[in-house]
Amino acid sequence: MQLKLTVPFNLDLSVSCGQSFRWRKINGFWYAPVGDSVWKVKQEGDTLFYEGASDADIIRYFGLDIPLDDILQDIDRDELIHSAVASCRGLRLHRQPPFECLISYICATCANIPGIQLRVENLAKMYGRELKSDGMTFYTFPNPEDLACESPENVRLCKVGYRDKYICGAAAYAAENPQWAADIFSMSYADAKRELTSLSGVGQKVADCVLLFAFEKYEAVPIDVWMERIFRTRYLGSEKKLSYEKAAGYAREHFGRYAGYAQEYLFAEREILAKKGE
DNA sequence: CAGGTC
DNA sequence: ACTGG
């Protein structure tokens, strides 16, 4: 199947910027298990080629229905974001499956991106279902029930370390409240964040990632070590470390209602920014 | 020493 | 405090 893009989109950047953890580039195609099938996607200019997904699946997952130009125009409020927008235009936030996103970011604390990918892959291998595509083996992300019935000791065999009990707790929550994702979708950002942070192992940063990457809450501005550094040195010129509220609050005030999108563009450019010095 | 949390 | 790049 193929789709002619009439809107800006950069597949490579979108799947490799660190928002999702299961995409792999093999022989020019990006592969990932999404839901119950393996998706195979390639972009050539303004054409997307894909297998394993419907047009509607692709549009929804990659957020091709979101008015990116309007958002980028709205957040383009200073020189730094202007250059990030210029060099990363086409980067789109995905609509990730909520449960997978939640567990993935619980796995993301105190770990680098390769480490997160490894843990998520281990969980899928152990508790997901096997899928074949082009002779390769992939694993679906487990359902809440698949993890909820496991002991932390077993889950720990996936090399998740101290996060074992957080994963089991979050799985039990999702399994016992099948409507949890629908509820969070319908909540305001503040209520949704309160709900997610009530889970053990889910603090402000993890909650904001899940709200931004799975629930379309663009007010969510995840503040990791990189974002704290950027807001401290580039925006606020502060000597000491910024509190989470101060950094995120400043971002929302400065960038407006799509501050989460601005965060992702700045994050995508973090390596360039890091090279310019502290 | 790494996309934090309890 | 787990774990590994």
Side-chain angles (χ1 to χ4, degrees), chain A residues 13-24 84 88 91 93-94 96 100-126 147 150-173 193-215 217-218 220-234 240-251 259-275 278:
Chain A
L13 201 49
S14 298
V15 299
S16 62
C17 69
Q19 60 177 316
S20 54
F21 302 103
R22 307 206 66 200
W23 291 94
R24 304 286 181 272
C88 301
L91 167 59
L93 294 178
H94 301 168
Q96 295 186 41
E100 174 172 350
C101 189
L102 174 62
I103 300 298
S104 297
Y105 281 95
I106 285 175
C107 290
T109 61
C110 274
N112 48 28
I113 290 174
I116 304 166
Q117 289 176 338
L118 188 73
R119 292 184 173 100
V120 173
E121 211 56 49
N122 287 342
L123 287 169
K125 212 170 277 180
M126 190 96 80
L147 285 169
E150 283 298 326
S151 66
E153 292 72 37
N154 283 342
V155 171
R156 196 167 190 137
L157 299 175
C158 298
K159 308 297 183 186
V160 296
Y162 63 89
R163 306 164 190 85
D164 57 356
K165 53 194 176 297
Y166 303 149
I167 293 168
C168 291
Y173 162 81
K193 187 161 177 179
R194 207 177 350 267
E195 176 71 12
L196 284 180
T197 52
S198 73
L199 295 170
S200 191
V202 180
Q204 294 211 66
K205 158 67 169 62
V206 172
D208 277 334
C209 286
V210 177
L211 291 171
L212 184 60
F213 300 138
F215 291 104
K217 304 291 193 210
Y218 301 120
V221 184
I223 304 296
D224 59 15
V225 291
W226 301 101
M227 283 302 119
E228 190 278 332
R229 185 178 304 161
I230 289 169
F231 285 118
R232 173 165 43 80
T233 63
R234 301 279 158 165
K240 58 182 202 296
K241 188 173 173 355
L242 300 175
S243 70
Y244 195 98
E245 285 77 8
K246 184 143 189 173
Y250 174 82
Y261 241 104
Q263 180 274 349
E264 200 57 20
Y265 271 74
L266 291 175
F267 185 76
E269 272 229 313
R270 70 195 182 286
E271 283 167 358
I272 300 166
L273 295 165
K275 279 177 193 152
E278 270 282 295

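Below, chain A is the first sequence line, B the second, and so on; all start at residue 1. Computation of the quantities below employed the complete heavy-atom set of this structure, encompassing side-chain atoms and omitting hydrogens, waters and symmetry-equivalent molecules.
A heavy-atom distance below 4.5 Å is not found between the side chains of A/Asp208 and A/Leu196. For the pair A/Ile106/A/Val202, a side-chain contact is recorded, criterion being any heavy-atom separation below 4.5 Å from C-beta on. Between A/Gln117 and A/Arg24 there is a side-chain heavy-atom pair separated by less than 4.5 Å.
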A correct dot-bracket answer for DNA chain C, with pairs being Watson-Crick or G-U at under 3.5 Å, [ ] for crossing pairs and | for inter-strand pairs, is ..||.
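Environment of NZ in A/Lys246: sparse, with no more than 12 heavy atoms of neighbouring residues, nucleotides or ligands closer than 6.0 Å.
The minimum heavy-atom distance between A/Lys205 and A/Ile223, with the atom names listed, is CD-O, 3.9 Å.
Classification of the A/Tyr265-A/Tyr261 ring pair by plane angle, with boundaries at 30° and 60°, yields tilted.
Among the protein residues, A/Ile106 comes within range of no part of the nucleic acid, since none of its heavy atoms lies under 4.0 Å from any strand. Residue A/Glu264 is out of contact with every strand shown, counting any heavy-atom pair closer than 4.0 Å. Within the 4.0 angstrom heavy-atom criterion, base atoms lie near A/Gln263. Within the nucleic acid shown, A/Ile223 has no heavy atom closer than 4.0 Å to any nucleic acid atom.
In this structure, the ring of A/Tyr105 has its center less than 6.0 angstrom from the ring center of A/Phe21.
When atom types are taken as modelled, the side chain of A/Gln19 and the backbone of A/Leu212 share no donor-acceptor pair closer than 3.5 angstrom. A/Arg119 places no side-chain N or O within donor-acceptor distance of the main-chain N or O of A/Gly161, the cut-off being under 3.5 Å.
Evaluation of atom-type donor-acceptor distances gives no pair under 3.5 Å for the side chain of A/Arg156 against the base of C/dC2.
Taking the nucleotide of DNA chain B with the nearest heavy atom to each of A/Ile113 and A/Thr197, the more 5' of the two is matched to A/Ile113. Residue order along DNA chain B, read from the 5' end via each residue's closest nucleotide, puts A/Ser20 first among A/Tyr166 and A/Ser20. With DNA chain C read from its 5' end, the first of the two nearest nucleotides for A/Gly115 and A/Thr109 is the one closest to A/Thr109.
In this structure, of C/dC2, C/dG5, C/dG4, it is C/dC2 that holds the atom nearest to the side chain of A/Arg119.
From the 5' end on, the contacts that DNA chain B makes with chain A at under 4.0 Å to a non-hydrogen atom open and close at B/dA2 to B/dC6.
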